[in-house]
Amino acid sequence: MRKHLKIATIVGARPNFVKVAPLFHAIEAHNKRAAELAIDHVLIHTGQHYDDAMSAQFFQQFELPEPHHYLGVGSGTHAEQTGQTMIRLEPVLKELRPDWVVVVGDVNAALAGAVTAKKLLLKVAHVESGLRSNDWQMPEEVNRVIVDRISDLLLTTSGFADRNLLGEGVDAGRIVRVGNIMIDSLRKFADRAENVSLKAITGRDLHNEPFVLTTIHRPSNVDDRHQLQEIVSALVDIAGDSPVVFPLHPRTRQALQKSGLMETLAGHGNMIILNPLPHLELLALQQCAAVIVTDSGGLQEEAMILGTPCVTLRTTTERPETLRENGGTSRLAPLDRAGITFAVREARRESRRPVDYPLWDGCTAERIVAALVGRA
Ligand code: UD1
């Protein structure tokens, strides 16, 4: 008789959807192939990101089914979001009693999911384990450390992550290096993204213009008015040289409106302000941009694989492999107007240099399925 393995995967915020889609499809492929063991996969969406542009259109583009459970947590303070997720998740996990609970990345859904599951004595696997910025002001750093401390299976992206975990005294037997699952999505979509019309996305024919793509949403960059002002001033300077495409995260749109800085930005003729973009459209822009300016962890990694020079608007990164000194394509920028503008001008001089990073090969999801099945 065919045995069954039950896996519950918890997603909550935009980057999770990009990472969980390959896992979902790898499990489907496993079920078609494997005669002896069927995986029952349950998708739980906490509802941390709920707008169509932040959630539903990712489910459509990645051909993910409706989540089996939608917790409807929505926005709130960290305590509200984490607490509400735990309260709403507990009865679902109690009822399901999965063999594995999979959490992804460093968002509040991962923290709430791991803690809730562990207290129900369920086994937890953490995808994208071992990243450390060592910046305790980042809410994501708090989430990363706690989730790794309590997870049973630590699925890492690189040797940097492994070394972080080993340095914290983690038993090597809990660590499996599987590569970067977000790059599975990139490799699947890259060819299709090449055929996307940039004019359809931006209203401007950018194929022959060296434009800058920027995304900014970290609380440290957008919630502090002075910091936001420095970034906005730098972007306006940069727009003096070439078009700047800026898809706005809801947090950033709110902050720009509240601070009165939206007019400064939107008033510049070379500034192309957009709503959050679906993955394919964002990849198309990343493939063609002369420079990416971002504080997103995911974009730093995608820029490296695509070879696009990247300016990271942070003083630290939990993804050191993306930095130029480690073979990547990204540089950290001082966060003032002059520092950002200088870093972008420097990055402009670099040519595109795609990087082949070990295990960031499009097959990470399959390795995760193998690890989960092997340790069931
Ligand atoms: C979260 C993650 C961050 C990740 C980012 C990707 C945590 C701690 N942070 O940050 O690691 O890089 O997602 O986007 O989990 N909002 C909407 N519609 C939505 C979602 C959010 O309008 O669909 C607004 C809400 O008003 C909210 C604000 O955006 O207050 C921020 O959302 P939140 O989920 O709190 O954090 P993010 O900044 O998105």
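Throughout, residue positions are numbered sequentially from 1 according to the sequence presented.
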Flag yes if [X] and [Y] sit in one hydrophobic cluster, no otherwise; membership is Ile, Leu, Val, Met, Phe, Trp, Tyr, and two members link when side-chain heavy atoms are under 4.5 Å apart.
X    : Y    : result
V369 : V103 : no
I231 : L274 : no
M182 : L359 : no
L283 : M304 : yes
L332 : V222 : no

Verify, without hydrogens or angle tests, whether [X] (side chain) and [Y] (backbone) share a donor-acceptor contact under 3.5 angstrom.
X    : Y    : result
T214 : V293 : yes
R251 : P219 : no
N164 : L131 : no
T312 : S330 : no
S151 : L154 : no
S259 : L256 : yes
N16  : V104 : yes
T364 : V178 : yes
T116 : A112 : yes
T322 : G328 : no

Can you give me the closest heavy-atom contact between [X] and [Y], atom names plus distance?
X    : Y    : answer
E128 : R319 : OE1-NH2, 3.2 Å
E321 : S158 : OE2-OG, 3.2 Å
A343 : V311 : O-CG2, 3.7 Å
S351 : P309 : O-CG, 4.3 Å
S296 : Q300 : O-NE2, 3.2 Å
S133 : R144 : OG-NH1, 3.7 Å

Atom pair [atom1]/[atom2] of [X] and [Y] - distance to nearest 0.5 Å:
X    : Y    : atom1 : atom2 : answer
L335 : L228 : CG    : CG    : 12.0 Å
M262 : Q254 : CE    : CD    : 10.5 Å
L71  : I87  : CG    : CD1   : 11.5 Å
R348 : I238 : CZ    : CD1   : 7.5 Å
E63  : F24  : CD    : CZ    : 9.5 Å
E301 : T157 : CD    : OG1   : 6.5 Å

Requested in this report: Answer yes or no: does atom CD of E36 have more than 12 heavy-atom neighbours from other residues, nucleotides or ligands under 6.0 Å?
Outcome: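 No.
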
Query - D205 atom CG, over 12 foreign heavy atoms within 6.0 Å - result: yes

Requested in this report: Anything under 30° is parallel, anything over 60° is perpendicular, the rest tilted; go ahead and classify F189 against F62.
Outcome: perpendicular

Identify every side-chain donor-acceptor pair in residues 93-102 under 3.5 Å, counting partners at least two apart or on other chains, and give the distances.
from: R97; atom 1: NH2; to: L120; atom 2: O; distance (Å): 2.8
from: D99; atom 1: OD2; to: K6; atom 2: N; distance (Å): 2.6
from: W100; atom 1: NE1; to: L372; atom 2: O; distance (Å): 3.0

Query raised in the report: Going through the checks in order, is the side-chain contact (heavy atoms from CB on, under 4.5 Å) test met by E141 and N134?
Result: CA-CA 7 Å; E141 182 73 356; N134 297 310; 4.2 Å; yes

Looking only at side-chain N and O atoms, does [Y] offer a donor or acceptor that is under 3.5 Å from a partner on [X]?
X    : Y    : value
S129 : D148 : yes
R204 : N270 : yes
S55  : H45  : yes
N275 : R253 : yes

Requested in this report: Could you list the residues that satisfy ring pair (Phe, Tyr, Trp, His ring centres under 6.0 Å) with H69, not counting sequence neighbours?
Outcome: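 Listed in chain order: nothing, the list is empty.
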
Heavy atoms, side chains only, cut-off 4.5 Å: are [X] and [Y] in contact?
X    : Y    : answer
K118 : R149 : no
N143 : N108 : yes
V236 : R337 : no
I216 : L313 : yes
C288 : L198 : yes
L282 : L299 : yes
P243 : L206 : yes
V73  : Q48  : no

Report summary line: When L111, V124, V115 are each screened for side chain to side chain contact (heavy atoms under 4.5 Å, CB included) with I150, the one that passes is V115

Query raised in the report: After noting the C-alpha distance and the side-chain angles of V42 and H68, does the key distance pass the side-chain contact (heavy atoms from CB on, under 4.5 Å) rule?
Result: CA-CA 6 Å; V42 183; H68 299 89; 3.8 Å; yes

Requested in this report: Applying salt bridge (Lys or Arg N to Asp or Glu O under 4.0 Å), run through R367 and D184 and close with a yes or a no.
Outcome: CA-CA 11 Å; R367 287 188 283 270; D184 286 14; 5.9 Å; no

Query raised in the report: So M138 and S220, side-chain contact (heavy atoms from CB on, under 4.5 Å) or not? Walk me through it.
Result: CA-CA 8 Å; M138 280 183 89; S220 56; 6.0 Å; no

Requested in this report: Would you please indicate yes or no on a ring centroid separation below 6.0 angstrom for F58 and H49?
Outcome: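 When the ring centroids of H49 and F58 are compared, they turn out to be at least 6.0 Å apart.
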
Report task. Begin from the C-alpha positions of F211 and L285 and carry the test side-chain contact (heavy atoms from CB on, under 4.5 Å) through to its verdict. Result -> CA-CA 9 Å; F211 68 92; L285 286 164; 3.9 Å; yes

Query raised in the report: Among E302, R352, Q286, which one satisfies side-chain hydrogen bond (donor to acceptor under 3.5 Å, both in side chains) with T308?
Result: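 Passing option: R352.
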
Requested in this report: Kindly confirm or rule out a cation-pi arrangement of R345 over F342, judged by NZ or CZ under 6.0 Å from the six-membered ring centre and within 45° of its axis?
Outcome: no

Query raised in the report: Any Lys/Arg nitrogen of E140 or R218 sitting under 4.0 Å from an Asp/Glu carboxylate oxygen of the other?
Result: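 So E140 pairs with R218 through a salt bridge.
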
Query raised in the report: With the threshold set at 4.0 Å, does a side-chain nitrogen-carboxylate oxygen contact exist between R187 and D361?
Result: no

